[in-house]
Novice: 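One structure follows; several queries about it will come next.
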Amino acid sequence: MATEKKIVKTIKINADLCNGCRACEMICSAFHAEPKYSSNNPARSRVQVLRHPLEDIYIPVYAGESAGAECAGRGVYVIDGKEYEECAFCRSPCPSREDFKEPDSGLPLKCDMCEGEEEPLCVKWCITDALVLEVREEEVEVVEEQEMLDIGLASLIEKHGKQKVMDAVARMSASTKSLK
Ligand code: SF4
Ligand code: SF4
């Protein structure tokens with residue numbers, strides 16, 4: 001299998017340094033406004049700060065991939081005597097909640113690391129350095145096109161049986177020929 005180099009960007013979150021100012025939410029929503037910087041609305045931010053001042057809880061959480069369905073069960077964490085709400089650290093826009101969704105359309109939001117910018121803006125605007133960008137290179141395995149085809153065919157055969165897959169291919173090739 002071939003390999004290629006991939007750039008991995010990580011935002012290291014030091015929650016002990018976060019003071020809950022929410023500047024990260026403001027700049028993220030302004031950067032992603034249409035047109036850029038025309039408005040701001042923390043509800044549209046791709047980073048959201050879990051904020052419970054009475055319990056001294058300030059934890060930034062970043063929007064990740066959208067989940068098509070909710071998990072079969074939910075998790076509740078207790079850390080150092082502090083209990084966090086269900087799914088508190090989950091990064092997914094999920095059918096079970098409103099987090100990380102456009103307030104008007106309900107469309108999922110996802111952090112894109114401020115594509116096109118040299119440094120993510122939430123990192124730039126965080127004056128306490130609770131957010132720090134780390135960039136590294138990783139060697140990753142690349143699946144060749146033929147391999148992908150083989151894997152796809154093998155999974156179809158496993159699911160439907162060899163004969164059905166062969167019949168479907170024969171039908172498709174006959175209909176392609178009749179179009180010529
Ligand atoms: S800008 Fe920094 S200190 Fe302020 S809420 Fe965001 S992470 Fe916390
Ligand atoms: S990296 Fe950019 S897109 Fe992601 S949360 Fe920070 S400001 Fe928003």
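All ligand and atom numbering here is 1-based and tracks the order in the structure.
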Novice: Please identify which atoms of ligand 1 are closer than 4.0 Å to at least one heavy atom of Thr128.
Specialist: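 Those atoms are 3 (S).
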Novice: Considering only the protein, which heavy-atom contact is closest to atom 5 (S) of ligand 1, and what is its distance?
Specialist: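 In this structure, atom 5 (S) of ligand 1 has Arg22 N, 3.1 Å as its nearest protein heavy atom.
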Novice: For a side chain to side chain contact (heavy atoms under 4.5 Å, CB included) check, start with the C-alpha distance between Val135 and Ile7, then their side-chain angles and the critical distance, and finish with the verdict.
Specialist: CA-CA 7 Å; Val135 183; Ile7 300 291; 3.6 Å; yes
Novice: Give, for atom NZ of Lys9 and atom CE of Met113, the distance between the pair rounded to the nearest 0.5 Å.
Specialist: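 Reported value, rounded in 0.5 Å steps: 7.5 Å.
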Novice: Quick check on Ile27 - does any of its heavy atoms sit under 4.0 Å from an atom of ligand 2?
Specialist: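 Checking ligand 2 against Ile27, which is what was asked, there is no heavy-atom contact under 4.0 Å.
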Novice: Using a cut-off of 6.0 Å, state whether more than 12 heavy atoms not belonging to Glu115 lie near its atom CD.
Specialist: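 Counting other residues, nucleotides and ligands, CD of Glu115 stays at 12 neighbours or fewer.
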Novice: At what distance, to the nearest 0.5 angstrom, does CD1 of Ile13 lie from SG of Cys126?
Specialist: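 It comes to 10.5 Å.
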Novice: For His32, is the nearest heavy atom under 4.0 Å from an atom of ligand 2?
Specialist: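 Yes; His32 lies near enough to ligand 2 that a heavy-atom distance drops under 4.0 Å.
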Novice: Taking atom CZ of Arg44 and atom CG of Leu109, what is their separation to the nearest 0.5 Å?
Specialist: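 Going from CZ on Arg44 over to CG on Leu109, the span is 8.5 Å.
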Novice: Could you measure the distance from the CG atom of Asp167 to the NE2 atom of His160? Nearest 0.5 Å is fine.
Specialist: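 So the CG of Asp167 and the NE2 of His160 are separated by 12.5 Å.
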Novice: Indicate, as side chain, backbone, both or neither, the part of Ile13 found under 4.0 angstrom from ligand 1 when only non-hydrogen atoms are considered.
Specialist: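 Ile13 to ligand 1: no contact under 4.0 Å from either part.
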Novice: Does Tyr62 come within less than 4.0 angstrom of ligand 2, counting non-hydrogen atoms of the residue?
Specialist: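 Yes, that is the case, since the closest heavy atom of the residue is under 4.0 Å from the ligand.
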Novice: Starting from atom 6 (Fe) of ligand 2, find the nearest protein heavy-atom neighbour and note its residue, name and distance.
Specialist: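 Protein heavy atom at minimum distance: Cys122 SG, 2.3 Å.
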Novice: Give the numbers and elements of all ligand 2 atoms closer than 4.0 Å to a heavy atom of Cys111.
Specialist: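 Near Cys111, meaning under 4.0 Å from one of its heavy atoms, ligand 2 has 1 (S), 3 (S), 4 (Fe), 5 (S).
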Novice: Taking atom 7 (S) of ligand 2 as the point of reference, which of Ala63, Cys126, Ser29, Cys114 owns the nearest heavy atom?
Specialist: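 Shortest heavy-atom distance from atom 7 (S) of ligand 2: Cys114.
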Novice: Nearest to atom 8 (Fe) of ligand 1, what protein heavy atom do you find, and at what distance?
Specialist: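 The answer is Cys18 SG, 2.4 Å.
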Novice: Can you tell whether the side chains of Glu138 and Lys5 come within less than 4.0 Å, N to carboxylate O?
Specialist: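 Here Glu138 does not pair with Lys5 in a salt bridge, since their nearest N and O are not under 4.0 Å apart.
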Novice: Determine whether the side chain, the backbone, both or neither of Asn19 has a heavy atom under 4.0 Å from any heavy atom of ligand 1.
Specialist: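 Both parts.
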Novice: What atoms of ligand 1 come within less than 4.0 Å of a heavy atom belonging to Val49?
Specialist: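 Those of ligand 1 that fall under 4.0 Å from Val49 are 5 (S).
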Novice: Quick test: of every protein heavy atom, which one is nearest to atom 4 (Fe) of ligand 1, and how far off is it to 0.1 Å?
Specialist: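 In this structure, atom 4 (Fe) of ligand 1 has Cys21 SG, 2.3 Å as its nearest protein heavy atom.
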Novice: Please confirm whether the backbone N or O of Asn41 pairs with a side-chain atom of Ser29, one donor and one acceptor, at under 3.5 Å?
Specialist: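 Checked: pair present.
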Novice: Check this for me, if you would: do Arg74 and Glu86 make a salt bridge, where the nitrogen-to-carboxylate-oxygen distance has to be below 4.0 angstrom?
Specialist: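 Judged by the 4.0 Å cut-off on N to carboxylate O distance, Arg74 and Glu86 do form a salt bridge.
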Novice: If the cut-off is 4.0 Å to any non-hydrogen atom of Pro120, which atoms of ligand 2 fall inside it?
Specialist: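 Listed by number with element, the hits are 1 (S).
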Novice: Can you sort out which atoms of ligand 1 are near Leu131, meaning under 4.0 Å from one of its heavy atoms?
Specialist: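 In order of number, 7 (S).
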Novice: Measure the CD-SG distance between Glu85 and Cys90 for me, rounded to the nearest 0.5 Å.
Specialist: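 The CD atom of Glu85 sits 12.0 Å away from the SG atom of Cys90.
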Novice: Are any side-chain N or O atoms of Thr10 and backbone N or O atoms of Lys12, one a donor and one an acceptor, separated by less than 3.5 Å?
Specialist: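 Such a contact is absent between Thr10 side chain and Lys12 backbone.
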Novice: Quick check on contacts: which atoms of ligand 2 are under 4.0 angstrom from a heavy atom of Arg46?
Specialist: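 Reading through ligand 2 atom by atom, the close ones are 5 (S), 8 (Fe).
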Novice: For Asp112, take its heavy atoms, then give the atoms of ligand 2 lying under 4.0 Å from any of them.
Specialist: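 Reading through ligand 2 atom by atom, the close ones are 3 (S).
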Novice: Just jot down the ligand 2 atoms closer than 4.0 angstrom to any heavy atom of Val47, in number order.
Specialist: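 Here the atoms of ligand 2 in question are 5 (S).
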Novice: Please determine whether the number of non-hydrogen atoms from other residues, nucleotides or ligands lying under 6.0 Å from atom CD1 of Ile79 exceeds 12.
Specialist: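 For Ile79, atom CD1 is crowded (more than 12 foreign heavy atoms under 6.0 Å).
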Novice: Going by the atom numbers of ligand 1, which of them fall below 4.0 Å from some non-hydrogen atom of Pro60?
Specialist: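 Contacts of ligand 1 toward Pro60, numbered from 1: 7 (S).
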Novice: Just which atoms of ligand 2 are under 4.0 Å from any heavy atom in Cys28?
Specialist: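 Reading through ligand 2 atom by atom, the close ones are 3 (S), 5 (S), 7 (S), 8 (Fe).
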